[in-house]
Structure formats: structure tokens, C-alpha cells
Protein chains: 2
Amino acid sequence: MRRKTFARMNCSIARALELVGEWWTMLIMREAFLGTRRFRDFQCNLGIARNILSARLKKLVARGVLTREAAPGGGRRLEYRLTEKGRAFFPVLMALMQWGDQWVAGPDRAPVKVVERASGREIAQVAVRGADGRVLQPAEVAMVAGPGAGPAMRARLASRAARPVAVRSRERDAARAGG
Amino acid sequence: MRRKTFARMNCSIARALELVGEWWTMLIMREAFLGTRRFRDFQCNLGIARNILSARLKKLVARGVLTREAAPGGGRRLEYRLTEKGRAFFPVLMALMQWGDQWVAGPDRAPVKVVERASGREIAQVAVRGADGRVLQPAEVAMVAGPGAGPAMRARLASRAARPVAVRSRERDAARAGG
DNA sequence: AACAATGGTTTCATCATGAAACTAATTTCC
DNA sequence: GGAAATTAGTTTCATGATGAAACCATTGTT
């Protein structure tokens with residue numbers, strides 16, 4: 001059967017994943033943030049098949065995440081560059097990288113360190129913050145219906161509004177389970 | 001050919017995606033943060049095929065993102081719950097949701113609003129911040145080799161250390177391109 | 001004109017996905 | 001105690017996505 005689309009779901013995460021959630025796409029975004037612009041370089045740096053890279057780039061351009069422009073220089077050179085929409089994706093990638101650093105690679109084994117260009121100091125952990133800037137844990141927030149919520153989502157959110165993601169202590173050992 | 005694995009890549013984003021980057025997995029995480037714990041509820045809320053859900057949950061448990069425990073109640077009830085590692089994924093999902101709200105759903109069409117439980121005020125934008133708490137744009141940071149960088153990554157980062165993600169003005173129209 | 005570099009598209013074998021059918025463990029109803 | 005129901009899967013099978021290699025097209029160089 002055909003792979004299901006997330007586009008119809010009344011959920012911004014699903015709709016975002018429809019654009020960037022396919023296999024390879026987030027790594028293409030990573031490359032773009034690392035400064036890669038040319039088809040050849042994406043292909044070599046990632047080791048992705050060319051037909052797949054072509055399809056992914058095409059979709060990202062069509063969705064306004066990248067632009068495709070002729071580049072100066074010999075041959076048939078093109079450049080793929082991040083748009084404003086693409087650059088706005090930065091926090092997602094940084095959050096994902098930090099999670100990988102801390103929970104997959106292991107502490108102090110990060111392959112890449114992100115530093116503030118001006119000062120050379122490492123950036124802070126990407127975190128969810130309240131209006132006052134305080135860092136919030138999952139249990140400290142609630143999901144409520146937004147202006148774009150359909151009837152189904154509205155019903156779901158109403159029925160569980162009082163049920164945060166509870167934190168239990170007995171799982172600490174299990175959280176270290178194998179890789 | 002078999003789908004390539006990202007696990008060997010010297011990149012925390014790739015390694016994170018190896019765990020949560022498969023089709024459906026991030027939406028399963030979203031459901032978990034919304035409070036869903038039972039197989040049946042994941043299946044109904046997402047509309048995912050049961051064999052795929054089974055495979056994804058199994059992998060998330062094996063990787064320490066979820067726990068699987070018997071739950072009180074009739075039948076053969078099980079509960080899947082987020083571990084500390086799973087809860088640490090919160091900023092990634094919130095960043096993704098906000099990006100979807102702003103750039104895919106369109107402004108003021110967000111299906112879900114996330115508010116601080118204590119005050120009821122909406123949370124802030126998830127952003128990359130420096131050590132001093134100031135919000136940083138992609139062009140304001142540099143990627144440098146971390147303790148876990150291999151020779152190849154080290155060489156790449158050294159050669160492009162001086163090349164930030166440049167911001168050009170002429171793309172503003174293109175960024176609005178079709179959906 | 002021939003050749004090389006870049007950026008693809010096409011073809012084909014293999015793997016992943018989705019739907020439905022089937023299995024298994026536990027509890028409730030009669 | 002046995003039948004049915006609930007939950008949580010696994011198996012089977014048709015179809016779609018992926019990866020590798022081959023092929024094509026445009027532009028610039030010799």
C-alpha cells in the first residue's frame with residue numbers, strides 16, 4: 001500500500017514532517033546549515049543516491065525551504081540555499097543535535113560543538129521556555145485547542161487537559177536500557 | 001537495495017534520527033507527550049497500521065525512549081510511558097510544532113496551543129541561545145570539532161570554519177513559494 | 001569537434017509499508 | 001467452567017520507496 005500522508009492531520013508536527021520528515025531530508029537540511037550548496041557536495045558528503053537527493057531537493061525547493069539558482073563559475077553550476085523558512089528550522093536541528101549528543105552519542109563525545117561566533121562560547125541547551133524565559137519541563141505545560149483546531153482535536157484536548165505527562169521515579173533504571 | 005542506516009555517521013543528528021527519524025516515530029512521540037499510553041490509543045489516534053506501530057514501539061523501548069509495563073485494569077493491558085530520555089525530546093517536538101505553525105499551517109491557524117500550566121500564558125518560541133541567553137541566528141554561530149569528531153569531520157569543519165550561513169536579501173519572495 | 005564536469009533521469013532488484021486475517025493472554029459474563 | 005470480549009500483537013501479501021548503476025543533457029574547455 002501507498003505510504004500514508006500526514007498532510008491531512010490536524011497537527012503542525014505532522015504537517016512539518018510532511019516536508020522534512022522523509023528519510024534523508026533532515027540530513028540535507030543539516031548539510032545546508034553547514035554551508036553546502038551544490039548537488040555534488042550534498043551527494044558526496046551524505047553518500048545519498050542521486051535520484052533520491054534530486055527528489056528531496058526538488059520537494060524542498062517546491063515547498064519554499066530551499067532556493068535553486070544558477071551559480072557563478074564554469075559548467076552547469078547550481079546552488080541550493082536556505083530561504084528564511086529554511087533558516088527558521090535552525091532550532092529544530094540544534095535541539096535534535098543536542099539530544100543526540102546527550103542521549104545517543106553519550107556525554108563528551110559530541111562530534112560537533114556549536115559556539116557563538118562572537119565570543120567562542122558554546123551555545124546553551126535548546127529548551128522550552130515560558131513567557132518569562134524560565135525553562136519549562138513537559139509536566140509544566142498544557143496543550144489547549146488553538147484557533148485552527150478541528151472538532152476532533154478540540155474534544156481530545158478538552159478531555160485530557162488536566163492530565164500532564166506524569167513523571168514517575170521507578171523508571172530511572174529502565175531509561176538506561178540498551179542501545 | 002536496503003535502506004541505509006545513519007548509525008555509522010559521525011553526526012549526532014544522524015544518530016538521533018536513527019532512533020526517531022523513521023516514518024511515524026515522531027508522531028508516536030507526540031502522542032506520548034499528549035498523554036497516550038496504550039497500544040490501542042496510539043493506533044486509533046494516529047491511524048497507523050498495527051504491525052508498524054508494534055515495530056516502532058518495540059524499537060523505542062529497546063532504545064530506552066519508552067518503557068513498557070503492565071497496567072492495572074482488565075484485559076491484557078500494557079502501558080508505554082516516556083523515560084527521562086524520552087522526555088528530554090520535548091524541545092525537539094515543540095520546535096517542530098512551532099515551525100509547522102508558522103511556516104506550514106500559516107499564522108493564527110495553529111491546531112494546538114501550548115501554555116504554561118501555572119499561568120496559562122503561551123510558551124515562548126523555542127530558540128537557539130548563547131551562554132548569556134541571547135537568541136542567536138544561524139549566521140551568528142560556528143560549528144567546530146567536538147571531542148567525538150573523527151578526522152573527516154575535523155577536516156570539514158576546519159576548512160569551512162569561516163563560512164557562516166550567509167543571509168541574502170533577494171530570496172524573500174522565493175521563500176513564500178507554493179505549498 | 002571531442003572531451004570533461006555538473007546535474008540530473010531511467011531502470012531494476014530489494015526492502016518497507018499498509019491492510020486484513022490470524023494468534024494469544026487475560027478478564028468478564030453467563 | 002466455558003463463551004465471548006478486550007487488548008496486543010504477528011503473519012501474509014500486494015504495492016510503493018530506496019539504492020546502485022547506467023544513461024542523458026547542458027555548458028564550458030581543449
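Values reported hereafter were calculated over all heavy atoms of this structure, with side chains retained and with hydrogens, waters and symmetry mates removed. The sequence lines fix the lettering, A, B, ..., with proteins before strands; numbering per chain opens at 1.
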So which of A:Arg30, A:Glu79, A:Glu31 actually passes side-chain hydrogen bond (donor to acceptor under 3.5 Å, both in side chains) with A:Thr36?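 It is A:Glu31; the other options fail the test.
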To the nearest Å, give me how far apart [atom1] ([X]) and [atom2] ([N]) are.
{"X": "B:Phe39", "N": "C:dT26", "atom1": "CZ", "atom2": "P", "value": "17 Å"}
{"X": "A:Glu22", "N": "D:dG16", "atom1": "CD", "atom2": "C1'", "value": "12 Å"}
{"X": "B:Asp41", "N": "D:dT6", "atom1": "CG", "atom2": "P", "value": "14 Å"}
{"X": "B:Glu79", "N": "D:dG9", "atom1": "CD", "atom2": "P", "value": "13 Å"}
{"X": "A:Arg68", "N": "D:dT26", "atom1": "CZ", "atom2": "C1'", "value": "12 Å"}
{"X": "A:Gln43", "N": "D:dA21", "atom1": "CD", "atom2": "P", "value": "11 Å"}

It should be established whether [X] places a side-chain nitrogen or oxygen under 4.0 Å from OP1 or OP2 of nucleotide [N].
{"X": "B:Tyr80", "N": "D:dG9", "answer": "yes"}
{"X": "A:Trp23", "N": "C:dA16", "answer": "no"}
{"X": "B:Trp24", "N": "C:dA16", "answer": "no"}

When we call it a touch if two heavy atoms are under 4.0 Å apart, what does B:Phe42 touch: a base, just sugar-phosphate, or nothing?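 Nothing: the residue B:Phe42, judged by heavy atoms under 4.0 Å, touches no strand.
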Donor-acceptor under 3.5 Å ([X] side chain, [Y] main chain):
{"X": "B:Lys59", "Y": "B:Thr25", "value": "no"}
{"X": "A:Gln43", "Y": "A:Ile48", "value": "yes"}
{"X": "A:Trp23", "Y": "B:Lys4", "value": "yes"}

Of all the nucleotides listed (C:dG8, C:dT6, D:dT7), which has the minimum atom distance to the side chain of A:Arg77?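 Selected nucleotide: C:dT6.
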Side chain of B:Arg3: nearest nucleotide among C:dA16, C:dG7, C:dG18?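 In terms of side-chain proximity for B:Arg3, the closest of C:dA16, C:dG7, C:dG18 is C:dA16.
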May I ask you to test the B:Val65-B:Phe89 pair for a side-chain heavy-atom distance under 4.5 Å?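 They are not in contact (no side-chain heavy atoms under 4.5 Å apart), so the answer is no.
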Check: residues 11-19 of chain B side-chain donor-acceptor pairs under 3.5 Å, at least two apart:
residue : atom : partner  : partner atom : Å
B:Ser12 : OG   : A:Asp101 : OD1          : 2.3
B:Glu18 : OE1  : B:Thr5   : OG1          : 3.2
B:Glu18 : OE1  : B:Phe6   : N            : 2.6
B:Glu18 : OE1  : B:Ala7   : N            : 3.3
B:Glu18 : OE2  : B:Thr5   : OG1          : 3.0

Counting neighbours of CZ on A:Arg154 that are heavy atoms of other residues, nucleotides or ligands and sit closer than 6.0 Å, is the number greater than 12?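 Correct, the count exceeds 12.
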First encountered from the 5' end of DNA chain D, between B:Lys4 and B:Arg40: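 That would be B:Arg40.
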Heavy atom of residues 46-58 of chain B under 4.0 Å from DNA chain D: which residues?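 Under 4.0 Å from DNA chain D: B:Arg50, B:Asn51, B:Ser54, B:Lys58.
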